[in-house]
Amino acid sequence: EHLIEGRHLTKVYATSTGPLVALDDVSFTIREGEFVSLVGPSGCGKSTLLSLMGGLEERSEGTLTLNGEDLFKPRPDIGFMLQTAVLFPWRTVTENVRLPGTILNLDKKAQAERCAELIQLVGLGGFEERYPNELSGGMRQRVALARLLAHDPDVLLMDEPFGALDEFTRETMNLELLRIWSATKKTVVFVTHNIGEAVFLSDRIFVMTPRPGRLAGVVEVDLPRP
Ligand code: ADP
Ligand code: ADP
């Protein structure tokens, strides 16, 4: 039930002007299948907390577990998506989406089918053979979303995934994400500084305060989903 559990998490960065406390004594639990948003002003440690959950950063103190296992390095059952898609420019849409399966050496035939379906699912049917520089920003994020799902991770960690897109495209992508989330029942942790967006998307909202980053409270959202 308690999929991800953080206890007394602290993160101190070494900087040129001395130690910087980015997270100070943060404790939380995230349940399986839940959609959680992390909100708070710039610099409050949202990305840092997400990076700890993704095993991309080392914590300074505290414990962090996934299903009771210490979470300290990237793992294939946790997917990560950033504000700007890092796509390989010399590879097509299909090749970019196939990449995780290739790296993880998954069954080629099953991956070919799954990735073709995912490309349809995110609305990129017909663009399979295009290269990233022939796509709009929104379409590139769709590629990143398909790639995020390619190897079927249980947990999706998303750091302002649509934050660089225009309002209309962002709302469209948010709706697509909710559709995918309710169809797949994945656990999502979604970073945003837009409270309206967090309310629209989430089951629960973790509200963070800056300097040093603390968890100020958890808001339960009980709104009907679109
Ligand atoms: P948010 O995502 O809420 O904007 P961050 O987690 O990016 O916040 O940053 C929290 C604090 O930690 C900020 O003061 C930021 O400058 C600092 N910080 C983030 N990453 C690093 C790093 N790699 N080295 C040093 N300081 C960092
Ligand atoms: P703001 O105008 O400050 O962005 P809103 O509360 O109007 O605040 O919306 C915040 C965000 O919530 C939107 O940018 C969008 O990401 C999300 N959102 C709100 N309504 C919808 C909707 N009907 N469909 C998809 N996303 C929505």
Side-chain angles (χ1 to χ4, degrees), residues 3-30 34-66 70-75 78-86 137 140-141 144-145 147-148 153 155-167 169-171 173-174 177 181 186-221:
L3 187 69
I4 305 176
E5 190 157 46
R7 287 287 170 267
H8 308 295
L9 278 180
T10 296
K11 175 66 185 177
V12 184
Y13 290 109
T15 72
S16 52
T17 54
L20 184 152
V21 182
L23 290 178
D24 181 31
D25 197 18
V26 171
S27 297
F28 61 90
T29 53
I30 294 172
E34 195 174 30
F35 198 124
V36 169
S37 290
L38 306 182
V39 304
S42 186
C44 69
K46 302 184 293 296
S47 297
T48 298
L49 184 51
L50 205 69
S51 301
L52 291 181
M53 291 185 207
L56 305 178
E57 283 280 358
E58 226 176 302
R59 59 195 181 259
S60 307
E61 279 173 60
T63 60
L64 182 61
T65 56
L66 175 78
D70 190 24
L71 189 48
F72 63 95
K73 63 175 192 321
R75 30 189 296 166
I78 301 184
F80 211 93
M81 181 169 166
L82 301 170
Q83 187 164 25
T84 314
V86 185
R140 284 200 287 270
Q141 286 307 84
L145 185 57
R147 184 180 60 183
L148 176 74
V155 181
L156 310 181
L157 304 178
M158 310 181 82
D159 196 349
E160 302 203 46
F162 313 127
L165 305 176
D166 65 82
E167 188 75 16
T169 311
R170 179 157 52 111
E171 292 192 359
M173 293 299 290
N174 280 339
L177 176 61
W181 172 79
K186 297 204 180 285
T187 307
V188 180
V189 186
F190 187 96
V191 166
T192 176
H193 52 251
N194 186 324
I195 291 178
E197 183 169 75
V199 169
F200 180 78
L201 293 169
S202 317
D203 294 314
R204 288 193 301 153
I205 302 174
F206 292 2
V207 183
M208 298 182 63
T209 56
R211 254 173 271 150
R214 289 205 177 107
L215 198 53
V218 178
V219 179
E220 300 263 353
V221 183

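All ligand and atom numbering here is 1-based and tracks the order in the structure.
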Inset, instruction - Determine whether any heavy atom of C44 lies closer than 4.0 Å to an atom of ligand 1. - result: yes
Inset, instruction - Check whether any side-chain heavy atom of L148 lies under 4.5 Å from a side-chain heavy atom of M158, and answer yes or no. - result: yes
Legend entry - Sub-4.0 Å heavy-atom approach of P41 to ligand 1: yes
Legend entry - Ring geometry between F190 and F35 (parallel below 30°, tilted from 30 to 60°, perpendicular above 60°): tilted
Inset, instruction - Please confirm whether T15 comes within less than 3.5 Å of ligand 1 when only nitrogen or oxygen atoms on both sides are compared. - result: no
Inset, instruction - State whether the shortest distance between N or O atoms of A22 and N or O atoms of ligand 1 falls below 3.5 angstrom. - result: no
Inset, instruction - Note the single closest protein heavy atom to atom 17 (C) of ligand 1, along with its residue, its atom name and the distance in Å. - result: L20 CD2, 3.8 Å
Inset, instruction - Please confirm whether G213 comes under 4.0 Å of ligand 1, counting heavy atoms of the residue only. - result: no
Legend entry - Nearest neighbour in protein (non-hydrogen) for atom 27 (C) of ligand 1: Y13 CD1, 3.3 Å
Inset, instruction - Could you tell me the residue and atom name of the protein heavy atom closest to atom 13 (C) of ligand 1, and the distance to it rounded to 0.1 Å? - result: G43 O, 3.8 Å
Legend entry - atom 7 (O) of ligand 1: the protein heavy-atom neighbour that sits closest, reported with distance to 0.1 Å: S47 CB, 3.7 Å
Legend entry - E57 N/O under 3.5 Å from ligand 1 N/O: no
Inset, instruction - Verify the contact flag for atom 22 (C) of ligand 1, where contact means a protein heavy atom under 4.0 Å away. - result: yes
